[in-house]
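Working notes, beginning with the structure itself.
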Amino acid sequence: MSHVFSLIYSLRLLSRRRFAFGLAIALTLAISACGGPPTEALDAAEKSLLSAAWSEDCATETYNSAQRMLREAQEAAAAGRHDEAKRKAEAAQRLAEQAKLDAELNAEECERRKNALRAVEARTETVVHNVTATNETETFSLETIYFDFDESSINEGSRRTLDQNARWLLNNQTQKVRIEGHTDARGTAEYNIALSQRRGESVKRYLQTLGVDAPRMTVVGYGKERPAAFGDREQDHALNRRAEFKTH
Amino acid sequence: MLRTFTWRFGATLLACSIACLALTAGSHPLWAQEETQPNPPEATPAAGKSLVDPLSLITVVPGGPPMRIPIAVPDAVSLAEADDPNEMGREIAAIIRRNFEISGLFEVPPIDTYGGLVDLQRDGMTTSSVNFDGWYMVGAAAVVKGTYRSDGTTVEIDLKLFDVDAGRQIKLNWTPSTARIGSHRRIVHDFVNAVIEHYTGERGVFGSRILYSAPGAGHTRRIQSMESDGGSISGYKVPEGLNILPTWGPANAILYTRLADEGDFAYLFQDGEESQITDFPGWSSGMDYCPSRGLLALTVSMGENPEIYTMKLDGSEVTRVTNLPDSIQTSPSWAPGCNQLAFVSDQSGRPQIYTVQADGTNMRRLTWVGNYNTTPEWSPKGDRVAFTARDERNVFDIFTVNTQNGDIIRLTQDQGHNEEPTWSPDGRYLVFQSTRDGRQPRLYIMSADGRWQTRLSENPGLRTPVWQR
């Protein structure tokens with residue numbers, strides 16, 4: 001039976017045409033209800049895991065158990081233990097859904113943790129953007145801040161960074177600064193420009209409340225056109241949702 | 001015999017499937033589609049409502065491609081002696097075959113079967129000399145026969161369409177002509193358009209061009225265009241930089257935005273020369289030009305929140321259309337006749353599609369489902385607006401909405417991210433970008449009902465296509 005299953009499975013993987021897909025589903029349905037391997041449950045579990053892939057970083061444990069459970073389900077199906085396979089596939093799907101929920105709940109905290117990690121990494125590297133002020137011997141960089149998904153409001157972690165940036169700007173009154181807003185790669189081009197612009201504007205407003213004069217600051221929105229990280233992983237997206245500071 | 005067997009096998013399979021379906025309680029998503037009609041539009045806006053509406057309940061309507069007419073297209077034949085290896089004849093036929101396939105109206109029987117059933121050397125260009133029985137055996141309802149004569153710089157192309165069943169030539173609204181080699185594709189496209197006119201009553205649009213942004217060196221992007229079958233790619237010599245969101249201007253001129261540190265301005269590129277058409281503070285982009293009124297719709301931020309404006313290309317008659325200081329307004333798209341605009345606004349908290357009169361009156365929300373609806377494109381017939389939506393799984397897909405009753409149809413599903421739809425001039429097709437074949441988006445074409453979809457270009461990283469109207 002397992003070779004039939006794998007045949008159908010490869011058919012579904014290979015076929016891009018809808019009729020072949022439909023045929024495969026018809027076959028799948030026919031076989032699954034007639035006591036074959038629980039293809040449908042396995043597929044559903046696999047799909048859930050795929051769509052939960054982004055939660056790997058923020059709900060690592062749950063996601064890993066989901067992955068483990070799916071593997072066991074697949075092994076059970078291959079060995080002909082169909083009831084067990086079905087049970088485990090369903091469990092895997094539930095775990096994947098749970099991972100998504102956990103990741104969402106943890107998102108803010110997780111993001112903050114990642115930001116902190118990045119900040120440490122950034123500090124251990126040499127300072128990228130050197131500005132030597134006349135009355136200061138130390139070098140200082142205006143640090144990049146990061147935003148939550150779909151958000152242009154300033155989160156807790158970014159606020160602390162901006163407080164430091166503001167202090168430097170207040171100590172160096174002659175410096176002008178350009179605030180560059182960016183988004184991650186998801187979303188449509190023009191709306192992302194608008195979103196990045198709004199990120200820049202909300203940074204400008206926040207710095208104003210800390211006493212930095214508005215005329216010293218300009219804002220540009222680059223949308224998703226100038227990514228800092230090129231991957232598709234959640235951490236890459238997080239690195240790209242940012243506002244950078246350029247002095248001139 | 002074979003057919004009967006296949007049929008019986010299919011019927012058995014179907015019966016089994018139906019039986020098993022009853023057992024699985026119809027839980028498969030494919031079977032849930034019939035019940036999930038899109039929500040009707042609300043009479044009054046309800047704040048926050050869009051956040052809970054399940055966009056994923058709207059699924060692509062099942063159904064394979066419609067019946068397509070099989071037309072055989074053998075290589076065109078040179079009228080000059082010994083033109084080997086007949087490159088031009090092959091190219092002409094290849095263009096026709098590709099256009100037929102893309103049109104969704106025709107299918108081309110496999111060309112390697114022709115030779116065994118028809119003597120291609122002796123098959124002629126007249127009713128009496130075409131081997132209709134042979135073409136019938138190939139499985140063709142019609143056959144396109146072509147000849148050409150080339151002198152090295154120009155080529156004269158003659159193409160004829162024959163009805164295989166009736167055994168006669170079909171008269172087309174098309175005449176043979178001569179073109180310089182290099183621009184001869186135009187003649188062939190026009191023949192295909194005439195064939196489409198014969199079968200549908202409306203001429204095809206092959207040969208029209210699609211503008212898009214392509215990756216350049218480093219972080220730059222450049223502007224290119226291709227024909228609507230993906231052929232004849234050409235680039236514009238615009239200054240290097242982040243050139244994005246191109247659109248068609250008057251005649252063959254193009255418009256685009258360049259993002260730069262000193263500001264994001266709009267530019268016009270005409271006859272090989274670039275001219276800057278905006279110098280507003282902040283950013284200008286997302287242009288849509290209306291040729292009949294010579295009026296440009298665009299997004300301008302003026303250093304504050306982005307709003308929709310209209311203006312003439314010479315910078316005169318700058319008019320503000322929207323005025324909602326707390327939200328984003330962007331991506332305007334003219335309705336046919338240029339009296340109305342569709343655009344994106346997040347005044348409800350999330351981006352949604354709205355329409356408004358060009359004078360700023362009668363603003364209306366068009367989409368009530370989903371919480372990220374952007375890139376509206378008004379159809380040439382005016383009845384629908386195509387747009388990009390993000391569903392609950394954070395996947396981007398293409399939908400259209402009826403401008404009268406708000407009825408929504410989904411066109412893409414489960415094939416990567418699909419974004420930035422643009423209508424063909426006749427409203428029969430949409431070109432869009434998709435990540436279904438790789439991480440970087442490529443351009444695809446689909447019928448306006450989404451039933452069949454074909455890749456236009458192998459090149460990755462192509463974005464924001466705009467079809468020439």
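Inter-residue side-chain proximity for B:Leu242 and A:Arg226 is flagged as met; some heavy-atom pair is nearer than 4.5 Å. Inter-residue side-chain proximity for B:Arg350 and A:Asp150 is flagged as met; some heavy-atom pair is nearer than 4.5 Å. Considering only heavy atoms from C-beta on, A:Lys246 stays 4.5 Å or farther from B:Asp261 through its side chain. At a threshold of 4.5 Å between non-hydrogen side-chain atoms, the residues B:Arg463 and A:Lys224 count as touching. Side-chain contact check for B:Ile244 versus A:Ile193: some heavy-atom pair is nearer than 4.5 Å.
The line from CZ of A:Arg186 to CZ of B:Arg390 is 8.0 Å long, rounded to the nearest 0.5 Å.
When A:Pro227, A:Gly221, A:Gly187, A:Ala44 are compared by the number of non-hydrogen pairs under 4.5 Å with chain B, A:Gly187 comes out ahead.
Atom CD of B:Glu240 has 12 or fewer heavy atoms from other residues, nucleotides or ligands within 6.0 Å. For NZ of A:Lys86, the number of neighbouring non-hydrogen atoms (other residues, nucleotides, ligands) closer than 6.0 Å is 12 at most.
Using a 4.5 Å cut-off between heavy atoms, A:Val219 makes no contact with chain B at all. With a 4.5 angstrom heavy-atom cutoff, B:Ser285 touches chain A via backbone and side-chain atoms both. Contact of B:Leu245 with chain A is made through the side chain alone, with heavy-atom distances under 4.5 Å. With a 4.5 Å cut-off on non-hydrogen atoms, B:Asn305 does not touch chain A at all. Within the 4.5 angstrom heavy-atom criterion, only side-chain atoms of B:Ser301, from C-beta onward, approach chain A. Heavy-atom distances place both the backbone and the side chain of B:Ile328 under 4.5 Å from chain A.
Looking at B:Thr299 and A:Glu190, their side chains do bring a donor and an acceptor atom within 3.5 Å of each other. No hydrogens or angles considered: a donor-acceptor pair under 3.5 Å links the side chains of A:Thr188 and B:Thr374. No side-chain donor from either of A:Tyr191 and B:Asn373 sits under 3.5 Å from a side-chain acceptor of the other.
Ion pairing between B:Arg439 and A:Asp236 fails under the 4.0 Å rule for side-chain N and carboxylate O.
With sequence neighbours excluded, no residue forms a side-chain hydrogen bond (donor to acceptor under 3.5 Å, both in side chains) with B:Thr464.
Using a 4.5 Å heavy-atom cut-off against chain B, the contacting residues of residues 194-202 of chain A are A:Ala194, A:Leu195, A:Gln197, A:Arg198, A:Glu201.
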